[in-house]
Amino acid sequence: MAHDQALRGTDGIIEAKRLLRAQAKARRAALAGDLRNASAMQIAAIGIGFAGAKPPARVSAFLPIGEELNPVPLMNALRREGFSLALPVMVGKGKALVFRSWSPGEPLATAIWGIKEPEASAPEVLPDIVLMPLLAFDRQGHRLGYGGGFYDRTLKALRAAQPITTIGLAFAEQEVDAVPHLDYDERIDWVLTPDGPIHCRP
């Protein structure tokens, strides 16, 4: 009986995630283009010093797809400050991401869903700071992604290997009161919006 109740509870949370994911995608897609461009420059101006990050720490970022907040201006600023950069690479369904060293201007390969990744010849590295996209977030550090679980598996593996700082990049409009979550969902430490950083607290 308890097992059946747990399964029903899990199914309910998965369905709540699915509904919120659709709503969050629509909300993000509705944001104006000039707001998107300004937001990218605003987070670049803020930087990541609020999280205690200092060069030459290695920062994994991402190259945006769809309507994601564009982190490239921030990446360029971090590189100028002396941070080392990396990008995530998918190695298979159900597996954690790996990270390869990359700097703006270096070659990229095209992976599934049109995602750009460093070429296989780029050195594999472990990041100290992980910047990640999201669809929705709350102030307890719960993040709603696309449903593949890549970042949850990855953060769990990274945290078992070394201390890391996690920062979600988001428009302020992506904040919600509470993101539905399960036990295996990894929390993030911070969210950086154009309005400023938010320190997530359980």
Side-chain angles (χ1 to χ4, degrees), residues 10 13-14 17-18 20-21 24-25 28 43 48 51-53 56-72 74-75 78 83-103 106 108-138 140-170 174 179-192 197-202:
T10 298
I13 292 171
I14 291 172
K17 282 186 174 187
R18 187 188 68 80
L20 179 57
R21 195 171 283 120
K25 284 181 178 179
R28 191 178 66 180
I43 65 167
I48 60 174
R58 187 174 298 280
V59 181
S60 170
F62 59 93
L63 296 177
I65 58 172
E67 293 88 13
E68 290 173 350
L69 177 53
N70 183 5
V72 172
L74 173 59
M75 293 167 68
L78 295 176
F83 287 93
S84 301
L85 300 180
L87 290 175
V89 174
M90 291 181 291
V91 293
K93 186 177 180 180
K95 296 183 178 180
L97 302 165
V98 299
F99 300 87
R100 294 191 181 278
S101 178
W102 184 80
S103 291
E106 292 182 349
L108 293 162
T110 302
I112 189 171
W113 303 312
I115 294 173
K116 300 291 186 180
E117 300 178 342
E119 294 186 334
S121 57
E124 190 172 325
V125 296
L126 286 178
D128 303 298
I129 301 106
V130 180
L131 309 181
M132 67 195 76
L134 52 81
L135 285 169
F137 71 92
D138 63 30
Q140 291 72 51
H142 299 296
R143 164 193 174 272
L144 184 70
Y146 297 103
F150 286 103
Y151 274 103
D152 291 312
R153 287 186 289 272
T154 302
L155 297 185
K156 183 177 181 179
L158 286 174
R159 284 168 168 156
Q162 66 176 41
I164 60 167
T165 299
T166 53
I167 305 172
L169 302 184
Q174 292 175 268
V179 172
H181 58 277
L182 294 163
D183 290 344
Y184 55 74
D185 291 326
E186 293 283 324
R187 297 187 187 196
I188 55 178
D189 302 311
W190 295 84
V191 178
L192 174 57
I198 297 169
H199 194 185
C200 300
R201 301 184 182 276

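Here the structure is a predicted model, which is why all the values come from computation and not from measurement.
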Reported CG-to-CD1 distance for the pair L169 and I188, which is rounded to 0.5 angstrom
9.0 Å
Is the backbone N or O of A122 less than 3.5 Å from a side-chain atom of S101, with the two atoms forming a donor-acceptor pair by type?
no
Supply the atom-to-atom distance M132 CE to T166 OG1, rounded to the nearest 0.5 angstrom.
5.0 Å
Could you work out, with salt bridge (Lys or Arg N to Asp or Glu O under 4.0 Å) as the rule, every residue matching R153, not counting sequence neighbours?
none
Tell me every residue that passes side chain to side chain donor-acceptor pair (under 3.5 Å) with D128, counting only those two or more places apart in sequence or in another chain.
none
Please say which of K156, H142, K17 ends up in a side chain to side chain donor-acceptor pair (under 3.5 Å) with D185.
K17
Nearest 0.5 Å please: distance from the CD1 atom of I164 over to the CG atom of L155.
5.0 Å
Which heavy atom of C200 sits nearest a heavy atom of D138, and at what distance?
SG-O, 4.1 Å
Under the side-chain contact (heavy atoms from CB on, under 4.5 Å) rule, what do L108 and W102 come out as? Steps first, then yes or no, please.
CA-CA 9 Å; L108 293 162; W102 184 80; 3.3 Å; yes
What pair of heavy atoms forms the shortest contact from P197 to L192, and how long is it?
N-CD1, 4.1 Å
Is there a donor-acceptor pair under 3.5 Å between the side chain of E106 and the backbone N or O of P118?
no
Minimum-distance pair of heavy atoms, taken over all atoms of A24 and L135
CB-O, 3.4 Å
Nearest 0.5 Å please: distance from the NE2 atom of H199 over to the CD1 atom of I167.
10.0 Å
Side chain to side chain contact (heavy atoms under 4.5 Å, CB included) partner of D152, the single match among R187, H181, E186:
E186
All heavy atoms of L97 vs all of F99, minimum pair found to be O-CE1, 4.1 Å
CE (M75) and CG (L87) are apart, to the nearest 0.5 Å, by 5.0 Å
With T110, which residues qualify under side chain to side chain donor-acceptor pair (under 3.5 Å), at least two apart?
K116
Side-chain donor-acceptor pairs of residues 143-151 under 3.5 Å, sequence neighbours excluded:
unit_1 : atom_1 : unit_2 : atom_2 : d
R143   : NE     : P133   : O      : 2.8
R143   : NH2    : P133   : O      : 2.8
Y146   : OH     : R28    : NH1    : 3.3
Y146   : OH     : R28    : NH2    : 3.3
Y146   : OH     : E68    : OE2    : 2.6

Using the test side chain to side chain donor-acceptor pair (under 3.5 Å), find all partners of T154 that sit at least two apart in sequence or belong to another chain.
none
Residue list, salt bridge (Lys or Arg N to Asp or Glu O under 4.0 Å) with E117, at least two apart or on another chain
none
With rounding to the nearest 0.5 Å, note down the distance linking OG1 in T165 to CG in D189.
5.5 Å
